[in-house]
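First the structure, in the form of C-alpha cells, and then the observations on it.
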Amino acid sequence: VLMQRYLVAHGLPEDALLPFILSNGTIEDGLGVARLLAETISTARRLVLITSKFHMERARAIFSRVLPGTEILTVSDDDPGTAATPAPAP
C-alpha cells in the first residue's frame with residue numbers, strides 16, 4: 001500500500017497498478033500476474049516489477065519466463081528513488 005501511494009503521488013495513474021496477488025512465493029506471484037493480465041488485458045508490453053534487491057534477479061528471471069514478450073523493468077523497494085531498469089534479454 002505504501003508503494004502504491006508513492007507511485008500515484010508521483011504521477012502513475014492508479015488504473016495502471018495491478019492489485020496485490022496473494023501467493024506463497026515468487027513463482028506464484030509471476031503466474032498470478034500472468035493470469036491477471038490475461039483476464040484484464042490481452043498483452044502487456046511493459047511491466048514494472050518492484051521487489052527487494054535480494055530477490056531482484058530471481059524475480060526478474062521468473063517474470064521474464066512467465067511473461068514472454070513483455071519488457072520487465074525492475075525497481076528496488078529498498079530504494080524507491082531508483083529509476084526502473086530494463087531486464088537483460090533472456
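Quick note: numbers below take in every heavy atom, side chains included, and nothing from hydrogens, waters or symmetry partners.
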Give every donor-acceptor pair under 3.5 Å between a side-chain atom in residues 28-39 and any protein atom, sequence neighbours left out.
| unit_1 | atom_1 | unit_2 | atom_2 | d |
| --- | --- | --- | --- | --- |
| E28 | OE1 | N24 | N | 3.0 |
| D29 | OD1 | S23 | OG | 2.2 |

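Distance CD1/I27 to CZ/R65: 10.0 Å, rounded to 0.5 Å. For the atom pair CZ of R46 and OG1 of T70, the computed distance is 11.0 Å after rounding to the nearest 0.5 Å. Here CD1 of I72 is found 9.5 Å from CZ of R60. Values are rounded to the nearest 0.5 Å.
Side-chain atoms of T26 and R58 form a donor-acceptor pair, as typed in the model, at a separation below 3.5 Å.
Clustering ILVMFWY residues whenever any of their side-chain heavy atoms sit less than 4.5 angstrom apart, transitively, puts L47 in the very cluster that holds V66. The cluster map of Ile, Leu, Val, Met, Phe, Trp and Tyr, joined by side-chain heavy atoms under 4.5 Å apart, puts M56 and F63 in different clusters.
For the pair L49 and V75, the minimum side-chain heavy-atom distance is 4.5 Å or more. Proximity of L17 to L7: side-chain heavy atoms (C-beta onward) are separated by under 4.5 Å at one or more points. Within the 4.5 Å cutoff, no side-chain heavy atoms of T51 are placed close to those of T74.
Residues passing the side chain to side chain contact (heavy atoms under 4.5 Å, CB included) test with P13 are D15, A16, sequence neighbours excluded.
The closest donor-acceptor contact from the side chain of H10 to the backbone of Y6 lies under 3.5 Å.
Heavy atoms only, all atoms of each residue included: K53 and S76 are closest at CG-OG, 3.1 Å.
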